[in-house]
Amino acid sequence: TVHSATLNICDCVGTGALTGTGNTEAIYLYIRTTATLNFYGGNISGVVNGAAVSAAEGTTFKMYGGSISNNYASNGAVKVVAGNFHMYGGEISDNTGSNYGAVNVSNGGNMIMENGAVIEGNESEYGCGGIRMGLDTTVTINGGYITRNESGPYGGGIHMDGGILP
């Protein structure tokens with residue numbers, strides 16, 4: 001059975017935040033569903049160890065605005081494992097991770113980055129500060145900014161273990 005759900009997060013006032021969720025993801029789009037998260041505004045911060053947003057197989061995370069910042073996520077503030085991430089706007093900034101800082105796309109996952117999207121000031125101790133591309137992944141960049149990201153031995157901006165960067 002495939003289940004479907006849509007969650008829309010819109011910060012109409014400008015002060016909305018989802019903070020400090022501890023040792024797990026703040027938002028987890030579960031495998032074997034067709035779940036969609038539409039993120040229009042607000043801030044997700046203070047996550048320790050888990051990703052701020054995790055998109056599993058068959059799920060989609062669409063970011064139109066807002067920010068994902070100041071998280072410590074060992075495998076990326078946004079983790080896309082066989083899921084889809086469309087970044088139309090907003091900012092992923094000032095996240096730190098042992099393996100990956102901002103975005104980790106793996107296991108057949110897909111990412112599209114458009115004008116207005118910003119990935120900035122993220123750090124990784126070992127892997128990649130900006131966008132990490134694992135095996136069988138596709139990342140399409142049509143605009144936006146990837147700047148001031150740092151890592152240990154691998155790419156600060158984009159690190160490709162495999163995948164396609166058209």
Side-chain angles (χ1 to χ4, degrees), residues 9 17-31 35 37 39 41-57 59-114 116-141 144-165:
I9 297 177
L18 178 59
T19 60
T21 60
N23 291 324
T24 188
E25 283 81 5
I27 300 172
Y28 180 74
L29 303 176
Y30 188 67
I31 191 169
L37 168 62
F39 187 62
N43 176 263
I44 302 173
S45 65
V47 176
V48 178
N49 287 332
V53 177
S54 184
E57 180 180 352
T59 66
T60 301
F61 170 36
K62 296 179 181 179
M63 185 172 183
Y64 296 96
S67 62
I68 298 172
S69 62
N70 298 307
N71 298 288
Y72 181 86
S74 59
N75 286 309
V78 175
K79 187 167 99 175
V80 183
V81 180
N84 301 290
F85 176 38
H86 302 252
M87 190 175 181
Y88 300 109
E91 183 174 298
I92 301 173
S93 62
D94 302 315
N95 297 287
T96 306
S98 56
N99 294 318
Y100 313 110
V103 181
N104 175 16
V105 185
S106 65
N107 298 354
N110 298 291
M111 177 182 176
I112 298 172
M113 185 174 175
E114 300 284 350
V118 176
I119 297 175
E120 176 178 56
N122 300 284
E123 296 181 20
S124 169
E125 298 164 18
Y126 177 74
C128 175
I131 300 171
R132 182 262 179 163
M133 296 176 60
L135 298 175
D136 301 319
T137 62
T138 301
V139 173
T140 303
I141 300 172
Y145 295 94
I146 302 171
T147 183
R148 296 187 312 105
N149 298 287
E150 299 179 11
S151 85
Y154 298 108
I158 299 173
H159 172 76
M160 293 179 67
D161 289 335
I164 300 168
L165 185 61

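Not measured: the values here are computed from a predicted model.
Taking NZ of Lys79 as the start and OG of Ser54 as the end, the distance is 4.5 Å to the nearest 0.5 Å. Put simply, CD1 on Ile112 and CE on Met63 are 15.5 Å apart, with the number rounded to the nearest 0.5 Å. The distance from atom CG of Asn75 to atom CG of Asn104, rounded to the nearest 0.5 Å, is 6.0 Å. To the nearest 0.5 Å, atoms CD1 (Ile119) and CD1 (Ile146) are separated by 5.0 Å. Taken to the nearest 0.5 Å, the CE atom of Met113 stands 14.5 Å off from the NE2 atom of His86.
Proximity of a side-chain donor or acceptor of Thr137 to a complementary backbone N or O of Gly134 within less than 3.5 Å is detected. No donor-acceptor pair under 3.5 Å is formed between the side chain of Thr138 and the backbone N or O of Asn110. Of the possible polar contacts, one joining the Ser124 side chain to the Asn99 backbone as a donor-acceptor pair under 3.5 Å is found. In terms of modelled atom types and a separation under 3.5 Å, the side chain of Asn149 and the main chain of Asn122 share a donor-acceptor contact.
For the residue pair Ser151 and Gly156, the shortest heavy atom distance occurs at OG-N, 4.0 Å. Minimum heavy-atom separation, Gly130 to Ala102: O-CB, 3.1 Å. Taking each heavy atom of Gly90 and Met87 in turn, the nearest pair found is O-CE, 3.7 Å. When all heavy atoms of Gly157 and Cys128 are compared, the pair lying nearest together is O-SG, 3.9 Å. What you find for Ile68 and Ala77 is that their closest heavy atoms are CG2-CB, 4.0 Å. Across all their heavy atoms, Ala73 and Ala51 have their closest contact at CB-CA, 4.1 Å.
Looking at residues two or more places apart in sequence or on another chain, you find no side chain to side chain donor-acceptor pair (under 3.5 Å) involving Thr60. Remark: Leu135 engages no residue in a side-chain contact (heavy atoms from CB on, under 4.5 Å) (not counting sequence neighbours). Here Glu120 pairs with Arg148 under the salt bridge (Lys or Arg N to Asp or Glu O under 4.0 Å) rule; sequence neighbours left out. Judged as a side-chain contact (heavy atoms from CB on, under 4.5 Å), and not counting sequence neighbours, the contacts of Val139 are Val105, Met111, Ile131, Met133, Ile141, Leu165. For Ser106, there are no side chain to side chain donor-acceptor pair (under 3.5 Å) partners at least two apart in sequence or on another chain. Residues forming a side-chain contact (heavy atoms from CB on, under 4.5 Å) with Tyr72 (at least two apart in sequence, or on another chain): Asn49, Thr96, Ser98, Glu125. Under the ring pair (Phe, Tyr, Trp, His ring centres under 6.0 Å) criterion, Tyr145 pairs with no residue, sequence neighbours left out. For Asn71, the side chain to side chain donor-acceptor pair (under 3.5 Å) test picks out Asn95, with sequence neighbours left out. Considering only residues two or more places apart in sequence or on other chains, Ser67 meets the side chain to side chain donor-acceptor pair (under 3.5 Å) condition with Asn43. Remark: Asp94 pairs with Asn70 by the side-chain contact (heavy atoms from CB on, under 4.5 Å) rule, at least two apart or across chains. Asp161 pairs by the salt bridge (Lys or Arg N to Asp or Glu O under 4.0 Å) definition with Arg132, not counting sequence neighbours. Partners of Phe85 by ring pair (Phe, Tyr, Trp, His ring centres under 6.0 Å), not counting sequence neighbours, listed by chain and number: Phe61.
Counting only heavy atoms from C-beta outward, the side chains of Val118 and Ile92 never approach each other to under 4.5 Å. Two residues are said to be in side-chain contact when any heavy atoms from C-beta on lie closer than 4.5 Å; Pro153 and Tyr126 meet this criterion.
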